[in-house]
Every structure is written in C-alpha cells, then in structure tokens.
Protein chains: 4
Amino acid sequence: MKEKVNDKYTALLQATLTLVNNHGFHDTPMSKIAKLAGVSPATIYLYFENKQDLINKLYLEVKASFCSYALQGYSSELPVKKGFEVIWYNIAEYKLNKVEEAMFLSQCDNTPMIDEASVQEGLKHLQPLLDLWERGKKEGIIKSISPYLLYAYTVYPLSFLLAMHVKGICKVTEVDRLEAFQAAWDSIKV
Amino acid sequence: MKEKVNDKYTALLQATLTLVNNHGFHDTPMSKIAKLAGVSPATIYLYFENKQDLINKLYLEVKASFCSYALQGYSSELPVKKGFEVIWYNIAEYKLNKVEEAMFLSQCDNTPMIDEASVQEGLKHLQPLLDLWERGKKEGIIKSISPYLLYAYTVYPLSFLLAMHVKGICKVTEVDRLEAFQAAWDSIKV
Amino acid sequence: MKEKVNDKYTALLQATLTLVNNHGFHDTPMSKIAKLAGVSPATIYLYFENKQDLINKLYLEVKASFCSYALQGYSSELPVKKGFEVIWYNIAEYKLNKVEEAMFLSQCDNTPMIDEASVQEGLKHLQPLLDLWERGKKEGIIKSISPYLLYAYTVYPLSFLLAMHVKGICKVTEVDRLEAFQAAWDSIKV
Amino acid sequence: MKEKVNDKYTALLQATLTLVNNHGFHDTPMSKIAKLAGVSPATIYLYFENKQDLINKLYLEVKASFCSYALQGYSSELPVKKGFEVIWYNIAEYKLNKVEEAMFLSQCDNTPMIDEASVQEGLKHLQPLLDLWERGKKEGIIKSISPYLLYAYTVYPLSFLLAMHVKGICKVTEVDRLEAFQAAWDSIKV
DNA sequence: CATGAATGAGCTTTCATTCAT
DNA sequence: TATGAATGAAAGCTCATTCAT
C-alpha cells in the first residue's frame, strides 16, 4: 500500500519533469500532469499542496539526486586533483545520462519558477566540493579565488555542453569530455 | 509621429523584459504588460501578432543588442589574445551593466519559450568571435577544441556569475573580473 | 448520476436553441448559454469541444428529431398519396408545435453557421420520403421531376408559413393547413 | 466627388454582401469589410451609423433591387396568368443571376439579424404581385387562399432551388425552370 | 485513498467604435 | 471627407483547485 502511494507520488514527479522540460512551467497544466501520471487531477492534491509545491518538491528531489550522484566514490581523503576529477566526471556523467533531470535543473536555475527558499535548500548538499576546493587552495594547488568562480569555470560549463548536446547541435564524445576536464582544471589550477 | 509609434513598441518590449524576468513567461499576462507599458491590452496586437511573437521579437532585439555590444571596439586585426580580451570584457560588462537583458537571455536559453527559428536567428551575430578562435587555433595560441567548448569555458561562466550577482550572493568586483578573465584564458590557451 | 450528466447536456442544447433563435449565432455568447442552462461557462467545455461543436451537435440532434417526427406512422406500404399525406402533415405539425426547433433549422439552412459535414449528416434520415416519391413517379401519380423540386414545392413552403406564423403575421388555421396540403399536392401530382 | 462618395458607399455595401454571405453576420468584422472595400474602418462611420445600420441599409437596398427586378416588364393590364408568368420568371432569373443578393436575402429572412422595422419596410414593394393575385381570385383563375400561401407555393420554393444550386447539389436547367413554373402554377390555379 | 465533475477567476485575443489629424 | 492608431468591453476558452461520492 505504501508502495502504491509512493508509486503515484513518483509518477507525478516524473510526469512533471517531462512536461515542464518540454513545455515549460507554463503550458504544463495540472490536468496534463495527472493524465501522464495516470491519476485524477484531484489526486495530485493528496500529495502536494498546490502546483508550486509540486514543482518545489520536484526541484529538491532532483537536486538531491544530482548532488548524491556527484559525490559517488568521492572521499575527502583523496588527493585534491583526484578528488576533483572524481566529482567532475560524476557530474559530467549525470548531465549526459540523466538528461531530463539536468535540463530541468538548468531551467529552474534560470527562471523565477522555484521559491527562493527551495533554491537555498538545494545548495546545501555540495559542501564536500567546497571543502575540497578549500583544501586545494591551502595546498597551493588551486587558485585562491572565490568558490563561485571555481564553480562557474568547472561545473557550470557542463550545462552549456548539455544544452548543445540535447539540441543535437554537438555530440559530446569521450574525447570532448577529456578536453572539457582539461579546460576545467586549467582554469582553476595554479 | 513615427517617434510615438516607436515609443509604444519599445515600451512594450521593455515592459515584457521586466515582467518576464520577475515572473517568468507564465504569470506575465498581456494585461500586465499593457499596463506597465501604459497602453491598452488591445494595442499590443497592433505591434505584435500574439504573445509568442512579442517574446520572440524581444529575444531577437536583446540578442542583437548583446552581440553588437560584445563586438564594440573589436577588430579582426587585433592580436588573438588582445581581441579575445576585448570581446570578453565587453560581454562581462554587458552582463553586469545590462542585468535585465542578460538575465532575460539566460532565461530564454534554458527554457522552451522561444521558437527554435528565432534561436537560430539570434546566433548569427557572433561569427567574429568564432573566427577569432579559429585564428587563435591556427596560430597555436588557443587549444584545438570545439568552439562549443571554448564558449562554454569562457563566455558561459559569466552567466553564472551574473546570476549570483543578481541574487546578491556575491558581488563581482574589479578583482573578480580580472580573476575571471584569467580563468577563462587559462582554460583555453595552449 | 447519468441523469444529471444528461441533464446538463440537454439543458445546454436547449439554452443554445432558445438563444440562437432569438439573437442568432452571433450575439449568443457562451456565458449567456451557460447562465440560461444554469451552469458555469467552463462546464460547457466538459460536454462540447467548442462553440462550433455545440452548435453542430444541436443541429444534428434537432434534425434527427425532426426527421423521426416526420416519419411517425408512415409505412412504405401505404398508398402513395396517403403516405405523402402522413408525412406532410407530420412535418406541418412539427413546424407548428415545435416552433423553436423548426425556426432553428431554418436559420441553420440559410446561414454558414453549420459545418458542411454536419449538414450532410443531417440529410440522411429523409430517405423514406425520397423513396415514396420514386414510387409515386413509377405509378404515374407524381410528376417525373427532380426530388429537389418536389421538396421545394411541398415541404419547403411550410418554412415560410412557419416564419409568418412566428412573426404573428398570419395564424395558420386548420383550414389553412388543408389548403396548404392541397396546394402541395396539386403542385406535384400528375 | 459625389461619385466618389457613392463609390465608397457602394463598395462598402458590396463588401458587406460578400462577407456576410460567406461568413455570416457574425465573423464579419467591420475591419474586414473596410479592407475589402478599400477604405479605413473609420470611414464606414461616415456613411453608416453603426454595424446594424450598415446591414439594415444593405438589406433595404437589395430588397428594393429585387422587387424592381421582379416587376420588370410587368403591367397590371396583362392577363393574370401571363402577368404571373412574367413576375415569376423575373424572380427565377434574379435568383439564378444575382446569386449573392438572393442568398443574402435568404439569410436575412431566416435570421434575427435585421431590424423588424426594416423587414416591414422591405415588403412594401411587392404590392403589384398581391394585386395581381387578388385579380386572379376575382376572375376565378387563382384559388381563394391567403396571399401568404400563394407566396409560399410560388415564389418561396425558388429560394430552396437557389440554395441547392449554390451548393452545387443540383444545377437548375431550362427544363427545370419550366417544370418549376408548372408546379408553381399548378399549386395555385383553380 | 481516489476520483470525475464542476467551477470562478483569469487568460489571450478580437472587435465595434472613436478621435486626433 | 478620410484615416490609422487606439481602446474598453467582451468574446471564447483554460486551468488550478475543490468537493461530493
């Protein structure tokens, strides 16, 4: 029974993800979400307070999954460059494999569709990466620049590559990934 | 007389820019656009076919202004690094000075709200930058990697910094800009 | 429960009939139809795709009822004149008793407000009358002229009398009906 | 100059005729009428008070032209049958040659789009036909039935034939016209 | 838990009409 | 006389949300 509940909850999130990706938050009526999830419109309101709550919860869910994916296999005991490599490749893989989720996050981050509170909430999980950078700076391996700059030049560019990838404008090959990592590392290494 | 026409057209674009930035394409009713522009809702339809046309035209207008701003003072006869510097700083300045326009472009590029045709149309203007990169590669100054990678690691990070700037999370100082340029250049220089 | 559904569907058709008769297809806003039917405007769209669909469905409904009324008590085994008499009087009675429906049909037939497809659909039911005429011709009782002429001179004139009747210009008495039938028959009998 | 005025007045009536025939009174915006007539929307209001006035004036104009056409070559000194024949054929010819006007009249007569006053006004011109019938009755040539019946069975059927003709369902040939006249006459002759 | 039916509020868009020129 | 620009009012229609079942 709990399964079933979870089923519908998940189905609704998944349906929302797909539809918002393809049509935007606007032009994604609750009725269509319900239809795609195979439930009645009224059922949505058993699991979510309203449309905003639905999108917020989806955002947090996806953001959390992204962060946990990013930190797979990482340990704070790895050397700085190796640790960075692990996380960077995780993120790259996430963006290429979980295209829907990644696109959704991009849309959320560039749109006033998510409550500010939820955005803040979603940022908490990447602390290990910030810690790693801090360590790198202390060890003189990474430039002494703001973490926002570090993020902007290592992780954020992947969003652009994803977007191009999705639009079919450029396929991202193994080689590209190597080059991309190199560029990311070159931009922040001392 | 022509002035007045232009007035309303421009006022409508400006109103749309502001409202879409603050509320998204959805939750920006035509009636509010009209009110902010100081005209009747019906008047919008004298200048634009419909809501989609309005947003498309705004996108093209802003994109064109962005590109022209980016190329100010640039000449294909400048040395590669100098030329790159000129364009990069132009873009950085645009993003910091024309915050509304820059945010709008970000939203457009991460949202299915603009017609694909208009997106294609908007890309035409940055050819000089692509040419510059090509030259840099030939001269052995810039890495031989895809222009998408080059864009992702030099121009695109500025969008992230802009977003942080706008949210008040980090102010972008002169120093930051220097560091940011350095990171951009490091990531693509040979 | 099914009753209730049917209730609203029927109420909407009835309201449309009345309003379109009194004001024409134009000047009959959906909101007024809803109000007269005692439902919310949005409810209309649960039962009909759009305004055109509503009017089409109403047309088909009324046309079908008209045809079935016209053929009451008729059998292809009746002698030609008797059979004709039965149908003709049925139609006359329909036009005088179901004034609203009859007027609506007149309006539909002289106005580009019904889809051509629906018009065609509505014509299917009067085949028995055509068959009767065919038989009459073979038996040498009815003139060998096109069925359109036969219709024009027997059934169609009733529409005019109805219109006069409705406008209060002339009351159609028993005697009139006798005379009218005589005129109809005289015009087509050999 | 008066010519030019008249030009626009006529052009507006003609444009209205065409558009109302094809789309109905609704779905015929003033702006389209203006465009088809080659004038500005505002110009319409120099010649007509409003949309209703425009349609009323058109109705009266067309009705008058119809009546005058119907009475061409008729004289009250012709014998009854001959006189009737003249008028009837005139009307038949009008309906086949001036299809647009005839259709428009049909639409007006079956639709609440014309003011009742204008309808009354339009009927005045057919007095000679009524007089003819009266004479026919006195001479014992025509049945002693109401003029409405006489009209319904002689003139009105032509509207149906016209409609079929216009829809391409049946072409009206010379022979048809002969048969039609015969039917008309048979229905009212003693 | 789950829903189909229902809706009020609000959307985009149209249009008859006006008015400064 | 003639107009293009402008608009208030209202049209058709949608949608997030509710509620009786």
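Here is how names work: the chains are called A, B, and so on, in the same order as the sequence lines, proteins then strands, and each is numbered from 1. Because the structure is predicted, anything quoted here is derived from the model rather than measured. Quick note: numbers below take in every heavy atom, side chains included, and nothing from hydrogens, waters or symmetry partners.
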Whether over 12 other heavy atoms sit under 6.0 Å from C:Q52 CD: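 Yes, CD of C:Q52 has more than 12 neighbouring heavy atoms, counting only those of other groups under 6.0 Å.
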Neighbour count above 12 (heavy atom, 6.0 Å) for D:K51 NZ: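 Atom NZ in D:K51 is crowded, with more than 12 foreign heavy atoms closer than 6.0 Å.
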Validation row: D:K57, D:Y9 side chains within 4.5 angstrom (heavy atoms):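 When only atoms from C-beta onward are counted, D:Y9 and D:K57 do touch, with a gap below 4.5 Å.
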How many Å lie between [atom1] on [X] and [atom2] on [N], as a whole number?
| X | N | atom1 | atom2 | result |
| --- | --- | --- | --- | --- |
| B:Y9 | F:dA6 | OH | C1' | 18 Å |
| A:K35 | E:dA5 | NZ | C1' | 14 Å |
| A:H26 | E:dG10 | NE2 | P | 19 Å |
| A:I33 | F:dT14 | CD1 | C1' | 15 Å |
| A:I44 | F:dA16 | CD1 | C1' | 9 Å |
| A:H23 | F:dT14 | NE2 | P | 15 Å |

Pairing annotation in dot-bracket form, given for DNA chain E with Watson-Crick or G-U pairs under 3.5 Å and | for cross-strand partners: .||||||||||||||||||||
E:dC1 and F:dT21, which share atom name P, separated by this distance in whole Å: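 Approximately 22 Å lies between the P atom of F:dT21 and that of E:dC1.
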Nucleotide-resolved protein contact map, nucleotides 11-18 of chain E, B/S/- at heavy-atom distance under 4.0 Å: SSBBBSBB
D:T18: side-chain contact (heavy atoms from CB on, under 4.5 Å) partners, not counting sequence neighbours: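 D:T18: side-chain contact (heavy atoms from CB on, under 4.5 Å) contacts with D:Q14, D:N22, D:L36, D:E100.
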By side-chain contact (heavy atoms from CB on, under 4.5 Å) - contacts of B:A11 (at least two apart):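 Scan of B:A11 (side-chain contact (heavy atoms from CB on, under 4.5 Å), adjacent residues dropped) gives B:A37.
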Give every donor-acceptor pair under 3.5 Å between a side-chain atom in residues 101-110 of chain A and any protein atom, sequence neighbours left out.
unit_1	atom_1	unit_2	atom_2	d
A:Q107	NE2	A:V20	O	3.3
A:D109	OD1	A:Y59	OH	3.2
A:N110	ND2	A:S106	O	2.8

Pair D:L13-D:L17, side-chain contact (heavy atoms from CB on, under 4.5 Å): steps then yes or no: CA-CA 6 Å; D:L13 289 184; D:L17 181 63; over 6 Å; no
All ring-ring contact (aromatic ring centres under 6.0 Å, His included) counterparts of A:H26, not counting sequence neighbours: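 Residues passing ring-ring contact (aromatic ring centres under 6.0 Å, His included) with A:H26: B:F25.
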Working for side-chain contact (heavy atoms from CB on, under 4.5 Å), residues C:M30 and C:L54: CA-CA 10 Å; C:M30 296 299 259; C:L54 167 58; 4.3 Å; yes
Position toward the 5' end of DNA chain E (nearest nucleotide), C:G38 or A:T43: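 In this pair, the answer is A:T43.
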